[in-house]
Structures are given as structure tokens and as C-alpha cells.
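This structure is a prediction, so every number in the text was calculated from the model and none was measured.
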Amino acid sequence: GDIVMVSSVATRKFAASGAPYSMAKAAMEALALTLAKEERGNGIRTHIVSPSLTETEMGRRLSAARGAADLRALDKTSRHLRALMVGNLRVEKSPATYFEAARRLAGRADIVFDHVGSPLDPALGRQAQALAALLPGYRWLGALPHRATLARIQRAHVLVHPSAIEGGAHVVMEAVRSGTPVLASRIAGNVGMLGRAYRGYFDCGDAQGLVRLLLRCRDDPAMLPALRAQCDERAPLFDPARERATLRRLLAGLLETPR
């Protein structure tokens with residue numbers, strides 16, 4: 001048989017006033033992992049499904065509280081290329097790759113770096129502060145509200161997502177649906193969202209590979225439109241109605257009685 005437990009990304013992405021919910025879901029995941037070991041010998045499989053914000057009563061209340069996301073492309077300046085990283089400062093997000101790319105492009109005043117995220121790792125927070133003081137082209141903006149972050153995604157020329165570990169980042173979906181191309185580390189979570197043929201990958205931890213992509217985005221007039229076209233092809237995959245239908249099919253398949 002199968003046991004399916006519906007958890008949440010809230011066990012990995014935390015929000016103010018969300019402690020009871022995140023703790024409850026984390027406990028559920030711990031129970032599921034324990035049951036998986038205990039019941040394996042009895043032929044019972046345990047599954048954890050961790051969706052992002054879903055259209056439930058609670059989800060609708062949260063959406064109303066934060067305001068409906070206006071996912072659309074906004075005008076972008078031609079004076080420079082603005083790269084944006086949205087990710088808390090912790091090792092798994094590989095901010096060091098972004099830091100190093102900013103250092104290597106310090107001589108290019110027409111390429112600027114913005115960074116949104118909380119310093120979950122205090123040492124990385126100190127590095128971000130020091131880099132912002134040293135390089136005029138790098139700005140660490142700290143944690144921002146969702147609406148303000150989304151506006152920066154829409155204004156950026158590229159979203160940089162250098163994560164070393166990722167299951168499927170919500171911020172990549174928001175960038176794609178906002179008309180902002182993504183430059184991403186070549187890891188399974190990113191490839192699953194953007195497709196194997198996507199042209200905006202660099203190897204995980206490869207700052208020079210990221211630098212090469214940024215230079216192409218600025219200097220090659222065909223690069224950004226090509227990435228945008230590929231992202232536009234993927235955007236329908238992230239439509240909320242389609243995601244709900246996919247989740248329901250997944251759950252139905254997991255609960256289907258073996259013949």
C-alpha cells in the first residue's frame with residue numbers, strides 16, 4: 001500500500017508568523033521518513049508531496065493578504081544590464097558564485113548586480129556587506145516583501161539562480177512568468193524547470209561560466225531575446241491551473257490501488 005502525506009515548501013522557505021505551520025509540516029515529514037523505514041518490510045511506501053502556495057481556503061487568504069501577484073514584463077533600462085539574485089544567504093544557494101562573478105566584472109560599469117535575501121548564514125551576510133562596500137556595481141538589498149521582490153524580478157534583465165541544491169525554485173517560476181530570462185546552475189531542479197535545451201546554464205559553482213553568460217547577455221544582441229523565447233515556451237507549465245491539475249494527477253496515481 002501507499003501512504004501520501006501533503007507537506008509544504010514552508011518546511012524550507014520560512015515566513016514571519018509561520019512558525020506553528022512550518023513546525024507542524026516539518027513534524028509530518030519526519031513522521032513520513034520514519035514510517036518509510038519502519039514499514040518498508042511490509043510493502044508499504046510513504047510519499048511526501050510538498051507544493052508551494054495552492055488554491056485552498058488558506059492559500060486564498062494568504063494571496064489576498066499579500067495581494068495578487070501581477071506577473072508581467074516591465075520596461076527595462078538600456079543603460080546597463082541588471083542581474084538579480086533572489087536567495088537567502090546560505091551555502092545551498094551558492095551566493096559565493098554570484099559574489100565572485102560581481103568581482104570579475106567590476107570593470108564593467110554597464111553590468112550591475114542586485115541581491116535580495118536574508119543573511120541566514122551570518123558569515124555570508126558579512127561577505128555581502130563587505131562586497132557592497134567595495135564594489136559600486138553590487139547591491140545587497142537584504143530581505144524584501146514579496147511584492148517588492150517581484151517588482152525587482154520584473155525590472156531585471158536576468159535572474160541569476162546559482163543554487164547548489166534545489167528541488168524547483170518558486171523564484172524561477174516567477175521570473176519565467178514575468179518575462180525575465182534566467183541564468184541558472186546546471187542542477188536537476190533547474191533543468192527540470194527550464195528544460196535540457198535551455199541556453200542559460202552554467203556549471204554549479206562556476207563563476208567564470210556565469211561571467212561568460214552575463215557578457216553575452218550584454219554584448220550579444222541576440223542572446224537575451226533567445227533566452228526570453230525559451231522562457232516563454234516554458235511559462236505555460238507554471239500556470240496555476242495546470243499545476244493544480246498536475247498535482248491532482250500525481251496524488252491520484254500514488255493512491256491508485258495496484259492491480
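When atom types are taken as modelled, the side chain of Ser94 and the backbone of Ala96 share no donor-acceptor pair closer than 3.5 angstrom. In this structure, the side chain of Gln230 engages the main chain of Arg199 through a donor-acceptor pair within 3.5 Å. Although no hydrogens or angles enter the test, the distance criterion places no donor-acceptor pair under 3.5 Å between the side chain of Asn88 and the main chain of Leu120. Under a 3.5 Å cut-off, the side chain of Lys93 and the backbone N or O of Gly117 do not form any donor-acceptor pair.
Ion pairing between Asp219 and Arg108 holds under the 4.0 Å rule for side-chain N and carboxylate O. Salt bridge present: Asp110 and Arg218 bring a charged side-chain N and a carboxylate O closer than 4.0 Å.
With 3.5 Å as the limit, one finds a donor-acceptor pair spanning the side chains of Arg104 and Gln208. At a cut-off of 3.5 Å, with distance as the only test, a side-chain donor of Thr180 or Lys76 sits close to an acceptor on the other residue.
Within the structure, salt bridge (Lys or Arg N to Asp or Glu O under 4.0 Å) contacts touching residues 182-196 (residues at least two apart or in different chains) are Arg186-Asp203. Under the side chain to side chain donor-acceptor pair (under 3.5 Å) criterion, the residue pairs touching residues 115-125 are His115-Tyr138, with sequence neighbours excluded.
Val112 and Val160 fall into different hydrophobic clusters, where Ile, Leu, Val, Met, Phe, Trp and Tyr residues are linked whenever their side-chain heavy atoms come under 4.5 Å apart, directly or through other members. One hydrophobic cluster, built from ILVMFWY side chains closer than 4.5 Å, cannot hold both Val191 and Ile187; they sit in different ones.
Counting heavy atoms from C-beta on, the side chains of Glu38 and Ile44 never come closer than 4.5 Å.
Considering CG of Leu213 and CZ of Arg216, their distance stands at 7.5 Å, rounded to 0.5 Å. Between atom NE2 of residue His161 and atom CG of residue Leu183 there is a gap of 12.0 Å, rounded to the nearest 0.5 Å.
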